[in-house]
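Input: a single structure, listed below in C-alpha cells.
Computed from a predicted structure; not experimentally measured.
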Amino acid sequence: IPLENVDDAPFPDYSILKTPCTAANVISTRGCPYRCTFCTTSRMFAPYRQRSVDNVMAEIRMYKNMGFRYINFEDDNFTADKARAKEICRRMIAEGLTFRETFFFGRTDLADDEELMQLLHDAHLTRVLIGIESLNQNALNSIHKGQNIENIRRAGAACEKYHIRMIASIVLGLDEDTMADMDRSVEFARSIHAYQLQPAILTPFPGTPVFEQLEAEGRMITHDWSRFDMMNVTYSPQNSTPWELQEEFYRANLRFYDFP
C-alpha cells in the first residue's frame with residue numbers, strides 16, 4: 001500500500017552512519033508522471049506523489065544545520081512539475097539553503113523554461129542526469145519517451161549555457177537501434193560536452209511492457225535476477241547477438257572517456 005501523504009515519512013537519520021558523509025539525499029516526490037516502457041519507477045512507485053514544499057524545505061534546512069556540503073535530489077524527475085521545482089529553488093536561494101553543489105534528475109523539457117534554468121543555476125542545482133536514451137526517433141517513440149531529437153539538442157545547449165553539468169544517460173539495445181545508432185548516441189553526448197556518460201543495457205525488469213514483450217516473443221535468455229543490473233545482457237537483441245551488445249556497452253565507455 002503506497003504512502004498516501006508522503007509528508008508523513010520521517011527524515012533520514014544520518015547520525016547512525018559509521019562512515020563520514022558530506023552529501024545528503026532528498027526524495028521530494030515518489031514515482032514519475034511519465035510511462036517509459038522500460039522503466040520500473042512509474043510501476044513500482046505509482047501513483048506519482050509530491051511532498052509539500054514546506055516539508056521539503058524543513059529537511060533541506062536540517063541538512064544545512066548539520067553541515068552537509070552537498071545534497072542530491074533523488075526524485076526520478078525533479079523538474080516534472082516545473083512550478084514546484086522553481087518554488088523550491090527560490091526558497092533555497094532566499095533562505096540561504098544552497099549547497100556547494102546539488103544533483104538532480106531531469107528531462108530534456110527543462111530546457112523549455114529559461115526561468116527554471118536560471119533558478120536551477122542560482123540554487124546551485126548544477127549537476128543533472130538526463131535520459132537521452134537514443135538519437136533514433138523511432139526508438140524514442142517505441143519506448144514512449146515523449147521527446148524528440150531537437151528536445152535533446154536544446155537540453156544540451158541550455159545546460160551548457162547555464163553551467164549545469166549533464167550526465168547523459170543512454171539505453172543500449174532498443175529494438176529500433178542498430179550498432180551505428182548506439183555509436184551515434186555516444187558521439188552526440190561528447191558533442192554536447194556532457195561531463196559523464198551513463199550507458200545502460202536495456203534491462204527487461206518484470207512488470208514493465210518491455211519484459212512482457214520479450215517474454216511473449218521468447219527472447220529472454222535468463223531469469224537470473226542477479227544479472228538484471230543494466231550492465232548485463234539478459235535477452236536476445238533485435239539487431240545483434242547478446243555478446244555483441246555486451247561488447248558495445250564496454251566500447252561506449254571507452255569511446256566516451258578516451259581510455260587508451
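A donor-acceptor pair under 3.5 Å is formed between the side chain of Asp229 and the backbone N or O of Asn232. Looking only at distances, a side-chain donor or acceptor of His124 sits under 3.5 Å from a matching main-chain atom of Phe99. Checked by atom type and distance alone, the side chain of Thr203 pairs as donor or acceptor with a backbone atom of Ile201 at under 3.5 Å. Side-chain atoms of Asn72 never come within 3.5 Å of backbone atoms of Glu74 as a donor-acceptor pair (strictly under, hydrogens ignored). For Asn77 (side chain) and Cys32 (main-chain N/O), no donor-acceptor pair under 3.5 Å exists by modelled atom type. Side-chain N or O atoms of Asn151 include none that pairs as donor or acceptor with a backbone N or O of Thr108 at under 3.5 Å. Looking at Asn239, its side chain does come within 3.5 Å of a backbone N or O of Asp177 through a donor-acceptor pair. Under the 3.5 Å distance criterion, the side-chain polar atoms of Glu59 are left unmatched by any main-chain donor or acceptor of Phe11. The closest donor-acceptor contact from the side chain of Thr79 to the backbone of Lys82 lies at 3.5 Å or more, if one exists at all.
The side-chain heavy atoms of Asp175 and Ser142, taken from C-beta on, include no pair separated by under 4.5 Å. Leu135 has its side chain within reach of Ile149: a pair of non-hydrogen atoms, C-beta onward, lies under 4.5 Å apart. Using a 4.5 Å heavy-atom cutoff, the side chains of Gln198 and Met230 are not in contact. With a 4.5 Å cut-off on side-chain heavy atoms, Tyr235 and Arg219 count as touching. Two residues are said to be in side-chain contact when any heavy atoms from C-beta on lie closer than 4.5 Å; Arg184 and Phe188 fail this criterion. Using a 4.5 Å cut-off on side-chain heavy atoms (C-beta onward), Val26 and Arg51 make contact. Side chains of Ile164 and Leu125 form no contact here, defined as non-hydrogen atoms less than 4.5 Å apart. A 4.5 Å side-chain heavy-atom check between Ile167 and Tyr195 finds at least one atom pair inside the cut-off.
In this structure, Gly106 and Val128 approach most closely via the heavy-atom pair N-CG2, 3.7 Å. Closest approach of Glu215 to His223, counting heavy atoms only: OE1-NE2, 3.1 Å. Between Arg190 and Phe256 the shortest heavy-atom distance is NH1-O, 3.2 Å. Arg30 approaches Ala9 most closely through the heavy-atom pair NH2-CB, 4.0 Å. Here the closest heavy-atom approach between residue Ile130 and residue Cys159 is recorded as CD1-SG, 4.2 Å. Heavy-atom minimum distance, Ser134 versus Leu174: CB-CD1, 4.1 Å.
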**OP:** Give the C-alpha distance, both sets of side-chain angles, the deciding distance and a yes or no for salt bridge (charged side-chain N to carboxylate O under 4.0 Å, His left out) between Asp113 and Lys86.
**Re:** CA-CA 10 Å; Asp113 192 323; Lys86 286 192 277 191; 3.0 Å; yes
Original post:
Run the side-chain contact (heavy atoms from CB on, under 4.5 Å) check on Asp183 and Arg255 step by step: do they pass?
Top reply: CA-CA 9 Å; Asp183 290 344; Arg255 283 200 307 276; 2.8 Å; yes
**OP:** Take Leu116 and Tyr162, measure what side-chain contact (heavy atoms from CB on, under 4.5 Å) needs, and give me the verdict at the end.
**Re:** CA-CA 10 Å; Leu116 173 63; Tyr162 288 96; over 6 Å; no
Original post:
Where do Tyr257 and Leu197 land on the side-chain contact (heavy atoms from CB on, under 4.5 Å) test, with the steps shown first?
Top reply: CA-CA 8 Å; Tyr257 292 106; Leu197 179 72; 4.3 Å; yes
**OP:** With side-chain contact (heavy atoms from CB on, under 4.5 Å) as the test, would you mind laying out the steps for Gln147 and Leu140 before giving the verdict?
**Re:** CA-CA 7 Å; Gln147 69 185 22; Leu140 293 173; 4.1 Å; yes
**OP:** For the pair Lys64 and Glu95, evaluate salt bridge (charged side-chain N to carboxylate O under 4.0 Å, His left out) and give the outcome as yes or no after the intermediate values.
**Re:** CA-CA 11 Å; Lys64 191 71 169 179; Glu95 298 173 28; over 6 Å; no
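Side chains of Gln137 and Asn141: a donor on one and an acceptor on the other come within 3.5 Å. Residues Arg84 and Ser28 have side chains that bring a donor and an acceptor to within less than 3.5 angstrom of each other.
For the atom pair CG of Leu245 and CG of Leu202, the computed distance is 8.5 Å after rounding to the nearest 0.5 Å. Separation of atoms CZ (Arg127) and CG (Leu120) is listed at 14.0 Å; rounding is to 0.5 Å. Rounding to the nearest 0.5 Å gives a distance of 9.0 Å between CG of Asp122 and SG of Cys89. In this structure, CD in Glu247 is found 7.5 Å from OG1 in Thr241, a value given to the nearest 0.5 Å. In this structure, Glu133 CD and Leu172 CG are separated by 10.5 Å, a value rounded to the nearest 0.5 Å. For the atom pair CG (Asn55) and CD (Gln50), the distance works out to 12.5 Å, reported to the nearest 0.5 Å.
In the hydrophobic cluster analysis, where Ile, Leu, Val, Met, Phe, Trp and Tyr join through side-chain heavy atoms closer than 4.5 angstrom, Val186 is grouped together with Met231. Ile93 and Phe73 sit in two unconnected hydrophobic clusters of ILVMFWY residues. Membership requires side-chain heavy atoms under 4.5 Å apart, directly or through other members. In the hydrophobic clustering of ILVMFWY residues, with side-chain heavy atoms under 4.5 Å counting as a link, Ile170 and Phe249 come out together. Using a 4.5 Å cut-off between side-chain heavy atoms of Ile, Leu, Val, Met, Phe, Trp and Tyr, with links allowed through other members, Val53 and Met62 fall into the same hydrophobic cluster. Following chains of ILVMFWY side-chain contacts shorter than 4.5 Å, one cannot reach Ile27 starting from Leu3, and the two form parts of different hydrophobic clusters.
A search for salt bridge (Lys or Arg N to Asp or Glu O under 4.0 Å) contacts involving Arg43 returns nothing, not counting sequence neighbours.
Across Arg90, Met92, Arg91, a single residue satisfies side chain to side chain contact (heavy atoms under 4.5 Å, CB included) together with Ile88, and that is Met92.
Sequence neighbours left out, the pairs with a member in residues 26-65 that pass ring-ring contact (aromatic ring centres under 6.0 Å, His included) are Tyr14-Tyr63, Tyr63-Phe68.
Atom CE of Met179 is surrounded by more than 12 heavy atoms from other residues, nucleotides or ligands within 6.0 Å.
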